[in-house]
There are 2 protein chains.
Amino acid sequence: MKIDGIDKIIIKMLVKDARTPVLSIAREVGISGAAIHQRLRKLEKSALIDGYRMTINPKSLGYNTTAFVGVFLDSSSLYSSAIKRLKEIPEVVESHYTTGNYAIFIKILCKNNEDLMHILNKNIQNIKGVSRTETFISLDQQIDRQISI
Amino acid sequence: MKIDGIDKIIIKMLVKDARTPVLSIAREVGISGAAIHQRLRKLEKSALIDGYRMTINPKSLGYNTTAFVGVFLDSSSLYSSAIKRLKEIPEVVESHYTTGNYAIFIKILCKNNEDLMHILNKNIQNIKGVSRTETFISLDQQIDRQISI
DNA sequence: ATTGAAACTCACAAGGT
DNA sequence: ACCTTGTGAGTTTCAAT
């Protein structure tokens, strides 16, 4: 899969705004909309494009607290059952099986510290095999981006 | 800002595919395209919708390794200069100022372990004020989603 | 808040180089 | 393999309800 300058413009414009019309891109590049359309189909088939998503602003829903939680498991054999339970907690937006001290490392979005405490104590600590957790609260996020092309 | 069932369908369809035509949504809910269009404009103005983004598949570019790195800073006064340097490293896709042991907590996407080592040793450890780092490599990601509406 | 119609813009299949 | 044309489909505005 080789990507030329035109493809890069297509990708750059759609990463910024996924609803940009193909013809706007066409005008920018200087070729027809159909040509852009064809290139886009090829990029989509090539698996380079994962999809187009609307992103919701969590703050507008009152979700003002981001936290990372390292989860200790009694036994790694409990991993898949723990994941199943974590999927049922909507505030858990990412989960990773990581090297290092923790068995599972998760990212949580919640409304405030009280809400976070509730999720930790009632939802996560109750999961079978979870012995202990360590929490890092994000006070400020300065970088949030995709890998560059 | 109040959100009814129709808004939820609009949001749900666009979260899944941001390029879904307004008329497809209109057919799904059974009202006119103009009505959907008007609701969408209102949702966009309300800040609930953050934007529409194309997502790139990092694996298709050879980025197969995700890691979290806790960064220790000599002094918290070096925070903003360190962030400035971190922004120059394209592999750093997230940065947080966190409570707990670390001053800065970052997420890195890189091609392989050798690449990761290079970024840690040459790029991050070289930043003024960075004394030490702790790295967690993600071996498996099971959850990756947005906050639900 | 929703509609239908008008004017405009776009997407995509078919065909040309 | 890459491009343009043509046309059916989609978007957007607006007066009316």
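Proteins come first, then strands; the chains are lettered A, B, ... in the order of their sequence lines, and each starts at number 1. What's counted below: heavy atoms across the whole structure, side chains too, no hydrogens, waters or symmetry copies.
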_Nearest 0.5 Å, please: how far is CE in B:Met54 from CD1 in A:Ile10?_
9.0 Å

*Side-chain N,O (A:Lys42) to OP1/OP2 (D:dC2) below 4.0 Å*: yes

*asked:* Closest approach to the side chain of B:Arg39, judged atom by atom: which nucleotide of C:dC12, C:dA1, D:dT11 is it?
replied: C:dA1

*Atom CD of A:Glu44 and atom C1' of C:dC12: how far apart are they, to the nearest Å?*
13 Å

*Name the closest nucleotide to the B:Ile31 side chain, picking from C:dT2, D:dT12, D:dT5.*
C:dT2

*Please report, rounded to the nearest Å, how far the P atom of C:dC10 is from the CZ atom of A:Arg41.*
16 Å

*Does any N or O in the side chain of A:Asn64 come within less than 3.5 Å of the main-chain N or O of A:Gly62, such that one atom is a donor and the other an acceptor?*
yes

_Nearest-angstrom distance from the residue atom CD1 of A:Ile25 to P of C:dA11_ = 8 Å

*asked:* Can you tell me which nucleotide in D:dT12, C:dC10, C:dT3 comes closest to the side chain of A:Leu23?
replied: C:dC10

*Atom pair distance, as rounded to whole Å: CD1 in B:Ile10 and P in D:dT11*: 12 Å

*Would A:Phe136 and B:Phe136 satisfy ring pair (Phe, Tyr, Trp, His ring centres under 6.0 Å), going step by step from the backbone distance to the final call?*
CA-CA 14 Å; A:Phe136 310 97; B:Phe136 310 96; 7.7 Å; no

*What's the closest nucleotide to the B:Ile6 side chain, out of C:dT2, C:dC10, D:dC3?*
C:dT2

*Give the rounded distance in Å between these two atoms: CD1 of B:Ile36 and P of C:dT2.*
8 Å

*OP1 or OP2 of D:dT12 less than 4.0 angstrom from a side-chain nitrogen or oxygen of B:His37, does that happen here?*
yes

*Can you tell me how far P of D:dA1 sits from CG of A:Asp7, to the nearest Å?*
14 Å

*After noting the C-alpha distance and the side-chain angles of B:Asp50 and A:Lys59, does the key distance pass the salt bridge (Lys or Arg N to Asp or Glu O under 4.0 Å) rule?*
CA-CA 10 Å; B:Asp50 200 60; A:Lys59 285 192 177 134; over 6 Å; no

*Taking atom P of D:dA9 as reference, at what distance in whole Å does atom CZ of B:Arg19 sit?*
19 Å

_Minimum-distance nucleotide (side-chain atoms of A:Pro21 versus D:dT12, C:dC12, C:dC10)_ = C:dC10

*Below 4.5 Å, heavy atoms only, C-beta onward: do B:Tyr52 and B:Arg19 meet side chain to side chain?*
no

*Between C:dT3, D:dT4, D:dG10, which nucleotide gets closest to the side-chain atoms of A:Ala34?*
D:dT4

*Nearest-Å distance for atom pair CD/C1', residues A:Gln38 and C:dA11*: 12 Å

